[in-house]
2 protein chains.
Amino acid sequence: MLKIGKLTDYGILVLDALAQVGAVKQSTEELATATGLTVSTLRKVMKTLVDAGLVIARRGAHGGYKLARSPQQIRILDVVEAFEGPVALTECSQSASDCEIQSSCSLVSGWMGVNELLMQILSRVTLEDVRQQTLSQHLPSTLLDANQRIRLINL
Amino acid sequence: MLKIGKLTDYGILVLDALAQVGAVKQSTEELATATGLTVSTLRKVMKTLVDAGLVIARRGAHGGYKLARSPQQIRILDVVEAFEGPVALTECSQSASDCEIQSSCSLVSGWMGVNELLMQILSRVTLEDVRQQTLSQHLPSTLLDANQRIRLINL
DNA sequence: TGGAAAGATTACCACACTGGTATGCTTTAT
DNA sequence: ATAAAGCATACCAGTGTGGTAATCTTTCCA
Ligand code: SF4
Ligand code: SF4
C-alpha cells in the first residue's frame, strides 16, 4: 500500500480549502462545511497544522485560521512530516532504530539513499501542484536511458 | 513516518542474500543464518516472494530458492507491491475506494499525480542499486530551478 | 519403495497504531 | 460580562502488523 495516513490527507484537504479563500480567515465550522469533515476530526487536524506552523490561528471572537504562507511554498513533505513524523522507510532510517539485525545488515546505507530520494521528491511537490494538478496524470512509461537515469538519481 | 512494512524490508534482505550467492540454490536454513531471521518468519517472507515470481522455489530434497532474475531487473516497486499491494497514497488512489467525501473532493487527480510520480521513482530503483549503494548518500540540498523542476516532474 | 529433506499451507495471537468522538478549558472582541 | 472562537485531553473500537507454531505435500535417493 505505502499509504499516507487519512489525517495527513485531511490536512491537505484543509490547506486546499484555506488556499481557496486566500487571506480570509476561516472558522472551524466554515472549514467543516467546506471539507465535509466533522468538527471533532477537524480539531485534531488543525492542531497538527498549527503546531507545524503551516497555518496561523487566531483565537477568541472573530478568530479563525489562515495559511501561514502561499500554496507554492507549502511542500507535501512538510505536511507529511507534520502528521507522521520524519520520513523513514525502514526502521534503521530513524535515529532510534530498534532493528535487531541492524549490526549484521549491509543494506542500511542503501535504504538511506532511497529514503533521501523520496524525501527530495516529496519536497519538490507543493500544495499548489496538487491543487492545480500540475503533475501530468499520464507520465511516460518508457524507461529512461542510462544518462537520464543517473541524472535523476543524482538530481 | 511513511514507512514500508518490516516484512517488505525482510524481503529485500532475502533477495540480497540470494544475490550474494549467485545462481546457487539456498535452503531456508541457510537463508536464516545469512539474514539473521527466524525460520518461521522466513517462511512467510518466502511465500510472498515466490507468489510474486521474484524467486523460484524447488521443493523436495535438494530443493531451495534462487532469484528469478538478475538484481538489476528487480525493481524496489516490485518488492513493495508484492508485500503491500498496489501503491496507493490515498484512499481514492485505489480502485475500491471508501472515502466518504470523494464526491466533493477536488484533490483526487492531484493525488493521482503524486502517486504516479512516486511509483515511477520506485520503479527506477533496483535491488542492485540498494545493494551497491548506487544512490549517493548526500544528495544536493539546493533546490532545482524552475526549468529543472518541470523536467523532473514531467520526467 | 520408504524415509528423509526440503518447501507449502494454515491458523493463531499479542500489540500498536489509526481514526473517530466527546468533554471541558482558555483566549479575545465587543 | 458574555459570546465566539480556538485549545487540550482523554477515550475507545477496529484494524493491521509482526511474530510463532503445527501440519501437510513434494521430491530425491539409498
Ligand atoms: S538494518 Fe537492515 S533489516 Fe534492519 S531495518 Fe535497516 S535495512 Fe531493514
Ligand atoms: S477523495 Fe479526497 S479526501 Fe478522499 S482520499 Fe481522495 S484525496 Fe483524500
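Chain A is the first sequence line, chain B the second, and so forth, proteins listed ahead of strands; every chain is numbered from 1. As a basis for the values below, the full set of heavy atoms in this structure was taken, side chains included, without hydrogen atoms, waters or symmetry mates.
When the C1' atom of dG7(C) is taken as reference, atom NZ of K66(B) falls 16 Å away, rounded to whole Å. Atom C1' of nucleotide dT9(D) and atom CZ of R43(A) are separated by 12 Å, given to the nearest angstrom. Protein atom NZ of K6(A) is 12 Å distant from nucleotide atom C1' of dT15(D), rounded to whole Å. Rounded to an integer number of Å, the gap from CD1 of I4(A) to C1' of dT18(C) is 14 Å. Counting to the nearest Å, the C1' atom of dC17(C) and the CG atom of L7(A) are 11 Å from each other.
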Trace of the side chain to side chain contact (heavy atoms under 4.5 Å, CB included) decision for Y65(A) with V50(A): CA-CA 9 Å; Y65(A) 300 98; V50(A) 169; 3.8 Å; yes

Stepwise side chain to side chain contact (heavy atoms under 4.5 Å, CB included) test for R69(B) and D78(B): CA-CA 12 Å; R69(B) 39 193 149 94; D78(B) 296 329; 3.7 Å; yes

CA sep, side-chain torsions, deciding dist, call: E29(A), T33(A), side chain to side chain contact (heavy atoms under 4.5 Å, CB included): CA-CA 6 Å; E29(A) 319 280 337; T33(A) 58; 6.0 Å; no

Side chain to side chain contact (heavy atoms under 4.5 Å, CB included) between V80(B) and M1(A), worked out: CA-CA 8 Å; V80(B) 171; M1(A) 299 257 185; over 6 Å; no

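Within residues 44-62 of chain A, the residues having any heavy atom under 4.0 Å from DNA chain D are, by residue number, K47(A), A57(A), R58(A), R59(A), G60(A), A61(A). Applying a 4.0 Å cut-off to non-hydrogen atoms, the residues of residues 8-41 of chain B that approach DNA chain C are Q26(B), S27(B), T28(B), listed by residue number. Taken residue by residue, residues 74-85 of chain B places no heavy atom nearer than 4.0 Å to DNA chain C.
Between V55(B) and Q26(B), the closest side-chain pair of non-hydrogen atoms is not below 4.5 Å. Residues V125(A) and L117(B) form a side-chain contact, since some pair of their non-hydrogen atoms from C-beta on lies under 4.5 Å apart.
Listed for the T126(B) side chain is a donor-acceptor partner under 3.5 Å among the backbone atoms of D129(B). Of the possible polar contacts, none joining the D16(B) side chain to the R131(B) backbone as a donor-acceptor pair under 3.5 Å is found.
No more than 12 heavy atoms of other residues, nucleotides or ligands shown are found within 6.0 angstrom of CD on E100(B).
The pair K3(B)-E91(A) meets the salt-bridge criterion, with a side-chain N (NZ, NE, NH1 or NH2) lying under 4.0 Å from an Asp/Glu carboxylate O.
Residue L42(A) holds its CG atom at 4.5 Å from OG1 of T35(A), rounded to the nearest 0.5 Å.
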